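Keep in mind it's a predicted model, so treat the numbers as computed, not measured. Hydrogens, waters and symmetry mates are skipped; everything else that's a heavy atom, side chains included, is used. Letters A, B, ... mirror the listed sequences (proteins, then strands); counts begin at 1.
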Amino acid sequence: MPELTEVEAFARAMTRWCGGRKVTALRLLDPTVQHTVERDVLGMTVRSVGRRGKHLILSLDDAELMIHLRMTGQLLPGEGAAFVRFVLHVQDAAPVQLIDPRRLAELHVLAPGGAARRLQGLGDEPYPELHPGLWWQTRLGHTRRPLKAALMDQALVAGLGNIAASEILWRAKLHPTRAANTLTEPEWSALAAAVHGFLHALMSTQDPERLVYIHRGGENPFSVYQRTRCPRCEGALARLTQQARSTYLCPRCQPAPLG
DNA sequence: TAACATGTTTGTCG
DNA sequence: ACGACAAACATGTT
């Protein structure tokens with residue numbers, strides 16, 4: 001399910017579900033799920049839960065548990081749901097199950113420091129700080145690729161996915177096909193504000209269900225994603241394909257690049 | 001039914 | 001070196 005905001009929500013939830021608790025078992029129910037096992041975590045305590053990009057990282061006494069939910073992974077307390085791929089059992093609390101119909105999620109049980117080592121090529125974090133326009137220009141401004149592709153490139157900035165990219169560019173009034181190296185200083189500032197505004201707005205919904213709304217029958221919390229009308233100008237939204245993914249935009253608010 | 005889906009990796013080609 | 005593109009993962013939803 002994840003983009004940055006959802007992984008962040010899961011990280012906070014995991015802190016409540018298993019933070020400070022001792023692991024009584026880690027069961028991999030489906031070995032076809034991509035996984036690594038460098039440690040036996042039995043008896044170790046979950047010291048903290050964090051996020052890096054779209055990766056969830058649990059720090060244990062002498063191990064790190066790194067989880068990537070990919071497109072359809074979810075974490076939920078309990079047992080016995082459909083499509084459970086692995087279960088983390090902890091002392092004096094409900095176990096936490098990873099549910100993932102498509103089996104794209106990953107689980108890595110690593111030695112301390114293993115997560116950071118594996119994530120060395122990952123770009124910097126856009127959340128929770130408000131970075132200035134120059135921060136964005138430094139990271140995205142050197143490539144001729146479309147702005148949306150640059151925003152989603154995890155090696156440049158970590159955590160922004162397909163939905164976030166559309167939403168952010170709409171907020172910033174920037175066209176998704178603009179070459180990233182053609183933005184002006186005020187446009188970089190607008191992008192910076194848009195990222196911060198979007199991420200914080202979503203995190204402050206105080207409603208975890210809204211963060212994992214897709215496939216849950218929930219209400220669409222987004223402004224342009226899978227919508228047909230622009231909330232700002234009321235004009236018809238457009239949809240185009242970039243990198244084989246859907247991009248939603250408002251042609252009136254986000255002027256197309258010349259040529 | 002066919003197309004599409006929140007992500008990433010790998011390989012090919014220009 | 002850079003960037004575009006396709007395929008692969010496996011299955012549910014529209």
Side-chain angles (χ1 to χ4, degrees), chain A residues 1-11 13 29-36 51-56 66-76 81-86 98-108 115 118-123 126-127 139-170 176-182 195 198-199 202-203 205 208-228 239-248 257:
Chain A
M1 320 233 36
E3 291 208 14
L4 186 157
T5 47
E6 290 171 305
V7 180
E8 180 73 27
F10 279 122
L29 304 188
D30 184 341
T32 68
V33 161
Q34 272 198 68
H35 65 282
T36 312
R51 174 195 61 79
R52 178 75 175 91
K54 300 171 189 171
H55 305 260
L56 200 57
M66 184 161 81
I67 298 168
H68 198 305
L69 301 170
R70 292 284 193 108
M71 287 178 84
T72 52
Q74 299 180 58
L75 293 162
L76 204 65
F83 310 118
V84 175
R85 306 308 174 193
F86 64 82
L98 176 123
I99 301 163
D100 182 21
R102 289 173 71 173
R103 282 185 254 251
L104 297 174
E106 296 173 30
L107 169 67
H108 304 284
R118 282 175 171 251
L119 300 180
Q120 272 196 347
L122 205 55
Y127 180 91
R139 285 154 185 79
L140 311 186
H142 55 76
T143 178
R144 291 169 301 180
R145 292 159 73 199
L147 197 46
K148 185 188 179 222
L151 262 184
M152 291 172 63
D153 187 335
Q154 303 299 296
L156 302 181
V157 170
L160 306 177
N162 195 48
I163 296 179
S166 283
E167 295 293 311
I168 287 163
L169 293 175
W170 174 80
T177 68
R178 282 281 296 278
N181 64 353
T182 64
V195 171
F198 168 74
L199 295 175
L202 209 50
M203 285 311 301
T205 61
E209 291 302 306
R210 292 191 73 187
L211 292 176
V212 291
Y213 87 106
I214 298 177
H215 296 177
R216 302 289 292 271
E219 191 183 321
N220 180 351
F222 302 114
S223 299
V224 292
Y225 182 74
Q226 287 184 345
R227 292 196 182 278
T228 57
R239 176 178 162 174
L240 55 88
T241 298
Q242 291 179 280
Q243 288 82 47
R245 318 297 299 273
S246 287
T247 301
Y248 292 81

Tell me what A/Thr32 touches on the nucleic acid: a base, only sugar-phosphate, or nothing, going by heavy atoms under 4.0 Å.
nothing
Per the under-4.0 Å heavy-atom filter, residues of residues 145-154 of chain A near DNA chain C come out as A/Arg145, A/Pro146
Pick the closest DNA chain C nucleotide for A/Ala244 and for A/Thr143 by heavy atoms, then say which residue is nearer the 5' end.
A/Thr143
Find the distance A/Gln243:CD to B/dA5:P and express it as a whole number of Å.
13 Å
Which atoms form the tightest heavy-atom contact between A/Gln74 and A/Phe10, and what is the distance?
CA-CZ, 4.1 Å
Work out how far the P atom of C/dA6 is from that of B/dC4, and round it to whole angstrom.
13 Å
Between A/His68 and B/dG7, does any side-chain N or O lie under 4.0 Å from OP1 or OP2?
no
Does the salt bridge (Lys or Arg N to Asp or Glu O under 4.0 Å) test come out yes or no for A/Asp100 and A/Arg70, once each step is laid out?
CA-CA 9 Å; A/Asp100 182 21; A/Arg70 292 284 193 108; over 6 Å; no
Would you say a side-chain N or O of A/Thr72 is under 4.0 Å from OP1 or OP2 of B/dA5?
no
For C/dG12 versus B/dT8, give the span between their P atoms, rounded off to a whole number of Å.
22 Å
Taking Watson-Crick and G-U wobble pairs with both distances under 3.5 Å, convert DNA chain C into its dot-bracket string, 5' to 3', dots for unpaired and | for cross-strand pairs.
.||||||||.||||
Check: A/Val33 main-chain N/O paired with A/His35 side-chain donor or acceptor under 3.5 Å
yes
Mind checking A/Arg239 for me? I need base, sugar-phosphate or nothing, with any heavy atom below 4.0 Å counting as a touch.
sugar-phosphate
Would you tell me if any nitrogen or oxygen in the side chain of A/Lys54 comes within less than 4.0 Å of OP1 or OP2 on B/dT6?
no
As an exercise, state the distance from CZ of A/Phe83 to OG1 of A/Thr72, rounded to the nearest 0.5 Å.
9.5 Å
Under 4.0 Å: is that the gap between some side-chain N or O of A/Arg245 and OP1 or OP2 of C/dA4?
no
When the distance from CG of A/Leu199 to C1' of B/dT6 is rounded to whole Å, what number comes out?
14 Å
